[in-house]
Structures are given as C-alpha cells and as structure tokens.
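Counting from 1, the numbers follow the sequence of the chain as shown. All values derive from a computational prediction rather than experimental measurement.
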Amino acid sequence: MSARTFVLFVLFLPLTLNAIAPLQVAQLSCEYLENPLGIDVTKPRLSWTFSTTARNQSQSAYEIVLHTDQKQLDQNKAATWSTGKISSSQNLHIEYTGPALQSFTRYFWKVKVYNQNGEASEWSKTAWFETAMLSPKDWQARWINDGSTPPAQEEKYYEDDPMPMFRKPFAVGKKISSARLYISGLGYHEAFLNGQKIGDHVLDPGFTTFRKQVLYVVHDISSQVQKGNNIFGVQLGNGWWNPLPLRMFGRWDLRNFQETGRPCLRAEIHLKYSDGSKEVIASNDTWETAPGSITRNNVYLGEHQDARLERSFSETKSWSKASLFKGPSGELSVQMQPPIRITKTIRPRSIKLIGKDTFLVDMGQNFAGVASFKVKGPAGTKITMRFGEDTLKNGHLNWWTTVAGQIKEAWRLSGGPGAPKTAWQKDEYILRGDALAETFVPRFTFHGFRYIEIVGWPGQAPSLDDIQGLRMNTDLSPNGSFECSNAMFNQLHEVIQWTFLSNVFSVQSDCPAREKMGYGADMVVSSEAFLYNYNMANFYGKTVRDFANEQRPEGGITEIAPFTGIADRGYGDLSGPLGWQLGFPFLQKKLYEFYGDKRVIEQYYPAFERQMTFLQSKAVDNLFYWDISDHEALDTKPEALTAAAFYYHHALLMTEFSEILGKKEATEKYQKLANNIKRAIQNHYHVNGTGRFDNATQSAQLFALWYKLAPDRKQALEVLYQEFQRHKMHVSTGIFSTKYLFDVLREENLNEWAYQIANQRDYPGWGDMLAKGATTLWETWGDPGFTYSANHPMFGSIDEWFYRSLLGINPAAPGFSKVIIKPQPAGDLTWAKGAYQSVQGTIESDWKIQGTTFSLRVNIPANVQAEVWIKCKENGRVTESGVVLSGVQYRDGYAVVELGSGEYRFEAEH
C-alpha cells in the first residue's frame, strides 16, 4: 500500500462504516440561472450540485427527464426528452438534445444521479426554464417612438427634451392563467401596469453595441393583470442609445461610434387564458404617446424633472398616436445577465450649511447610484444637486474627480457645441407644490459620489431623514466570503466590495462617474477577484460578446466594449493596445477555468483567430513596442516589454484554446508562435547572467516572472526583492503588475513578502488609502486630488490574494472539479476563514494558529477532488478528526493529502 493510499484509507474509513444516505441532487440551474423566466438559447445547458453528509461522494451516472407538463413529469409519464442513464461524472453544462424547443413554452425537468457505488438518488425537485423568442420571426411588436427627430444642431441636444411616454389600454374578459411582458425600451425604460411599476429593475436594458445586439427583458405580470380594463404604460430615457454629443476628453463623441437614435420601444404582452386561448398585445402605431416630466436625462450629466408636468397613464387627454420607427439594427436577445437594481439604501452621515442656500450632505460612503429626497415647498421651486467624491479644504464640494470625460473649463477641454463648460454630475427637480411632501427619485441616470451639494432647498435645512442614497448596481449574486485576524485586511475587503459594485452597470467600468466604460485591462486584472466574490458567469458572458460585437474589420479588438471611440496606443483600425485587447480572450479563459464553460471558447474561437491574424500582421520580428502598459506604476513603465508580453499572452491562450477544442494543427502552429515570441522577448529584454529584464523595475521583473520568461527564475526573484527593498517593501506597481505580484509570490511560496507589502500602512499602498479615509479604492496610489477617480477597481486585484493565498482556495481543473486548498499563513496572522460558492458547491477554508498548532477545517463539495496542504513542520504530527495520519507527504513546509468530498478537520505541528 502506497503512502498516499494509506492516508486516504485513514481519512475515509471511519465514515465509510456508518450508514449514510447516498448522494442527492441539490440546486438545479439552466444557463447558470435557477428557473429562468425567459431564455432564447435553442440548446440550453443544464447543471446541478449535490447534497450529502458523507465523505468521498462522486457521481458515476445521471439521468435527466424533461416535459412540458409538470403533472405528467411528476407522475413519470412519457417524457418529452429523457437522457436515459448516462455513465458520466459530468454535472455541469449538460446540453439539451431533445426535440426542437418551442418559443413561449415552459419546460419542466428533474435529475437522478448515481454515486460512486452505483446507488441511485431520489429524483430531484422539479426545476423549469421558459423560452422567450427563439426566432426573430416570433416578434409581433413593431418599434415605435414619439415621431420626433434628432436636433439639427449639436447645441440643441443640450436643451430640454421631455422623455416620451407610451400607453396602451386593453381589456381582459376571461380568467388569466399567465401573462408575460417582453420589452426593450431604448435607451432605458420603466414599465407600468395599472399605475404600478413592473418589476424592480432599473436602467433596463443593458448597454450593448446596438447595431449588433439589443437586449430585451421578460417579466411575469400575471399577478398585475386585472379582469376588465387595464392600462399598460412605459416611459423612456436616453441611456446609451440617445447620448449627448459630448466630446469625452475633448475628443471622442460617442455618437460617432455607436448606432444611436431617438428613444424607442418594442414591447408585447402575451396573455394565456384558463380556457386555453391566447392573446398578444404588441406595440404598433395604435399605441399612444405624450411627453413626460423628465425634461433632460443623460448618463453623465444627470437628470432634470419638472413635477408640474407629471401625467398619469390613465389620463385620456393630450395623447397622440405613436409612430412606427426603424429601430436599432441589432439582433434582439434576452438579457441574461442580472438586472440593475437598487441594492442598498444609505442614510446621510451629516448635513452642513456651507453658503447662502447651499448645503453639503455627507453620505459617509462613496458609491454609485442616485440621491433621492422628499421635500415640501411652493410650486416652481427648483432644487439642484451636484455630486462629488470628496471635499475641498474650504469644506465645499470637490466635483473635479467625477467630471465627465475631464471636461473642465479650467483645463480648457471643450465638450463641443452646447456642452457645459464643466461637465459635472447634476440633478434638478422642480416642485409641483403639493400639500404633502413630494419625492424625487432620478430614473434614467446614475452617479458616483459620496458628497452632495444641494442648492434651492425651500424653508429650513433638509434633515437626515429627508435624503437617501440609493446604491445601484448589477445585482450580482455574492458567492464568496473572507475574514481574517488582520483588521485592515477586513476593512480593505469591504472597501473593495463597494468599489466593485460601483462599477457594474451592465458593463464592468473603470469608474462610475467620469467614464463608465468597459476597459479591457481593468477586467483582466480584477476579473478573478470579481469571480471569487460574485457569480459573474452571465455577466462576463455578455462582456465577451460585447468585445466580439466590436471586433474591427481588420480583426483587432477595441480598448473598450461597447466601443466609445477611445483607442489609445492601439495598432490601427481603431484597435486597442494589446493589454486592453487581452480582455476578450482572457475572460473566455476565466469562464472556462471557473465555470467549466467550453461553449464560450467554441463560440468565439473564429473571432479570436481573426484577432491573432491581425496581431501577427502588426508584429515586428515577433515583438510589439508600444502600449498603455502598466498604468499608474510609480517607476518608469517598461512599455515595450509589456507590449511584447501581452502578445505572448494572446499566443499562449490561442494555443490553449486550440488544444481544448482538439485542433491539433492549430495547437502546434500557435505553440510554435508562442515559443518564437518568448525567445524574441528573452533575446531583446533579458540582461544575460543578471536576472534583470528591461529596466528591472518591479513592473519589469513581475512581467518576466508571471509570464515565465526568466531563464533563471531564482535570479529574477532576487532582482525583484532588491527592488522591493529599494522601495522599503512598498509597491511601485501599476494596473497589471499589482495582480502579477500576488500571483508570483503565491506560486513561489513567498507569502511573507506579499503580506509585508500588502500590510504597509503608509504611502504607497492600500493602508495609506484607508488611513486617508478612502471608502472605495483610488485610481492612483496617491491622493486623487483634482484628476483621478476615487472609485476605481483595478487595485482591487489584491482581493484575489485573500482567496487564493490567505484562504488558499484555487481551481486545479476547469469548473473547480478539482481544487487545491493551500492556505499560506504569513506575518502576524493567526486565523483566516472564508468560502467560495463554486459551480460545484461551497468550498470552505478555515484555519487558525494557536501556539505551535496549526488547525485547518476544509469543506469539499461532492464530485470534487481536492489536494489539501496543511502547514506543518517536516515529519510533524498530523491528525484529522483526532486520528493520526501516517505516510503523509511533506513538501515546502506543508503536509499534503489528497481526498474526496466532505468536511475535514486537520491539526498539525507548525
């Protein structure tokens, strides 16, 4: 018996002797969603997790049955689709292969699984998915608008332009069994039925490349439809579909790069009656339209409401016929990513009078969303709110860091004809003069802010109860937790969550105020931290398609998706710099690594090939020489080295994807290319015999180590250490090398370095930000001042270190089907605990040090294999649940065991 086998025998024997229920099915999902109301995937993928109290449980086979009738499914009648018993351990992404799905149909399904001993589970609870439009021909609705046309002059865009409202009365004479709303209102929409808002989404639908793709949303409105007369209403905002011609950074007008138009609507209500009959109420030119009370709205500049102009959908006067409209060119598809919602209400910390009729509200927290207030005053009173992330030394609002596109009069950057001289965030509300208090809630904008300057408040000063902050974000499901004995790390982890959630408004942005755009590099460096904290499957699935939708004619990928014109240091044809183009394939790799999603690689492989062909055509002797590079690094950026390394990264991913898809010739081709690029980098940038790369800064050395370019890794690490010593163990890293830093030190078992660097409390570092009052992360290591965003996710890459190194949770196979649990205690840490909700189930790591004893509790989901590293001195005593383990392997200060699913409690001499 081998040492490893003996360890496994000791671990599993005590529980194997007990009578324990076999493996059961737990959570069922379709396309990552639990009981999705509307999908348009013709071959949806089904997945499940497990429930069991036994150890070492795995699936040896499964059986799926599906039916359109739940009663017949529950009675085990003939199924619409049955897989039969399939011998397989696969529980993720089982593709539906039955008869062609029908649109507007609910399908019920359940699963039975068999464990490693062939024991069958009970049938799972019944799950379902419902199809929406599976073909463009399914749409009966037409695009409509209010008949208005775009202004002839740019400056006219900045004048009042009341939002359009639409209404459609309809009567219901029979009992309803179900009712659905399928709606896309561009730029943003809110829908109402009988005066009540439908759903709890805000800022629907998500931002896409409208000439390629337009999202629509599905709502179950069965409970809101009433017998007799009903009135369906919609109000539209401009969103990203009808943006202002504001020249961001004085150069880029979004309207020149995206398909745009007047606000428009396509919607249909499907009614199913209890007698089996159906009715569709579809938008067309019989619908009615009228101007609403929102007179201006823009995602950057804010929203103006004149409450005196409010009208009810039930009013019958002053409505005119809607006009048929060409609408956007893009394919209509279901919005699969989570919707944007109001996820938290924030109460102000203080309100101060700072000038005549001017108040400063401190919300106590930087976040993204809007401010709402309730107020009572005379009709026509105008209240103005401006927003900022900080205050000036004189106590007044610092709006500089949140100005759209840096359009600041003092900087002489012009936003174009009619644009404000300074493009700050501003909301305005004009009172209608009710006897009771009025409530203002902006509907079609969002801001990034902590402080609010209020001018024009009637009567006495506003109270803390009069104002609320409404945090808004894509409502991502949390799937990670982290806590440790270092209070600063716990605070930093919380600050990172606020930062991340401020930057997910259907695209992952760099900042929620100044730009709001989906930059590729920010995603590359922070995506793994996002993935450990939130379920990003459908969100990043959308992001990958956003980049594919923007692929340039020559094959290059844009810096930003959806594209807004910015192509800084790219390689022609409006392509982006290589580190930003990397977002497209990198996110595909992460979807495969974290979720086992092979389909995304298959789907976008042709686009990635086109991108690689473009990059190869631009390379010079297998090298590139310019890039934005390691943005915000404090030392001189090794620009050419980083550009070449990013090219190498593309080649490595192309090689890996080709191998995953079984493309042997392509694998060999791209492996050869990658080898040639690596040799070219080494020949050009490695200083022989020294371990130095390029200018040997922290950035340069980390790039060399992360990409495994250093011929002598030990030498390169020594140079890196000398650089850290030169900086007194503080970072001088930028956007990329900050992430690479923690990856490299984790792989080299050098977490003491990482801890010392992460734990610094003065400049530059995370502790310095927190000490200076940051409640979200900054774009720069220094004070944001008048230029930089104070709500920027890129340095949040450290949160990945909390999970990968301090908790030690790492995937060892796609979809976490195998994991490595290797906590790396360091510094003065005495404990850390947390969990990651993987697609296989919850993985837990909980360790503590007491004297010379290291204790580790781990939980491994069923159907997952684990390699667990227990901190231990060489040949030290190791126990599991009180049983001494024999034949343990010892490596690099750890005892290493391999095991199956279950909860384990280890103790070792440390």
**Criterion side chain to side chain contact (heavy atoms under 4.5 Å, CB included) against Phe657, the qualifying member of Tyr605, Tyr604, Tyr592** = Tyr605
**Asked** How are the rings of Tyr740 and Trp706 set relative to one another: parallel (under 30°), tilted (30 to 60°) or perpendicular (over 60°)?
**Response** parallel
**Message:** Under a 3.5 Å cutoff, is there a donor and acceptor pairing between the side chains of Thr776 and Asn366?
**Reply:** yes
**Prompt:** Charged N to carboxylate O below 4.0 Å: is that the case for Glu528 and Arg746?
**Reply:** no
**Item:** Crowding at CD, Gln491 (>12 non-hydrogen neighbours, <6.0 Å)
**Value:** yes
**Request:** Step through it carefully: locate the ring centre of Tyr96, locate the ring centre of Trp109, and say whether they are under 6.0 Å apart.
**Result:** no
**Item:** Trp801/Phe489 under ring-ring contact (aromatic ring centres under 6.0 Å, His included): CA gap, chis, key distance, verdict
**Value:** CA-CA 11 Å; Trp801 175 68; Phe489 287 176; 5.5 Å; yes
**Prompt:** Taking atom NZ of Lys197 as the centre, does the number of heavy atoms from other residues, nucleotides or ligands within less than 6.0 Å exceed 12?
**Reply:** yes
**Item:** Crowding at NZ, Lys344 (>12 non-hydrogen neighbours, <6.0 Å)
**Value:** no
**Request:** Might you confirm whether atom CD of Glu602 has over 12 heavy atoms from other residues, nucleotides or ligands at distances under 6.0 Å?
**Result:** yes
**Request:** Give the C-alpha distance, both sets of side-chain angles, the deciding distance and a yes or no for ring-ring contact (aromatic ring centres under 6.0 Å, His included) between Tyr62 and Trp48.
**Result:** CA-CA 11 Å; Tyr62 68 84; Trp48 55 88; 5.4 Å; yes
**Request:** Side-chain contact test, heavy atoms from C-beta onward, threshold under 4.5 Å: evaluate it for Gln57 versus Phe50 and give yes or no.
**Result:** no
**Prompt:** Backbone N or O of Phe108 within a donor-acceptor pair of the Gln70 side chain at under 3.5 Å?
**Reply:** no
**Request:** Please state whether the rings of Phe210 and Trp241 are parallel, tilted or perpendicular, taking 30° and 60° as the class boundaries.
**Result:** perpendicular
**Asked** Got a donor-acceptor contact below 3.5 angstrom from the Gln497 side chain to the His493 backbone?
**Response** yes
**Prompt:** With sequence neighbours left out, what residues match Gln551 under side chain to side chain donor-acceptor pair (under 3.5 Å)?
**Reply:** Arg610
**Request:** Could you pull out all residues at least two apart from Val524 that satisfy side chain to side chain contact (heavy atoms under 4.5 Å, CB included)?
**Result:** Leu582, Phe586, Phe736
**Prompt:** Should the ring pair Tyr32 and His93 be called parallel, tilted or perpendicular, given that the plane angle runs from 0 to 90° and is split at 30 and 60?
**Reply:** perpendicular
**Message:** Is the shortest side-chain heavy-atom distance between Tyr532 and Phe482 below 4.5 Å?
**Reply:** no
**Prompt:** Under 30°, 30 to 60°, or over 60°: which ring-plane class applies to His201 and His219, parallel, tilted or perpendicular?
**Reply:** tilted
**Message:** So if I apply the side chain to side chain contact (heavy atoms under 4.5 Å, CB included) rule between Ile198 and each of Asp220, Val217, Leu181, which one comes out positive?
**Reply:** Leu181
**Asked** Judged by atom type as modelled, is there a donor-acceptor pair below 3.5 Å linking the side chain of Lys110 to the main-chain atoms of Leu73?
**Response** yes
**Request:** Using the six-membered ring wherever Trp is involved, compare the ring planes of Tyr540 and Phe530 and label them parallel, tilted or perpendicular (cut-offs 30° and 60°).
**Result:** perpendicular
**Request:** Answer yes or no: are there more than 12 heavy-atom neighbours, outside Lys833 itself, under 6.0 Å from its atom NZ?
**Result:** no
**Item:** Distance (rounded to the nearest 0.5 Å) between Ser901 OG and Gln865 CD
**Value:** 8.0 Å
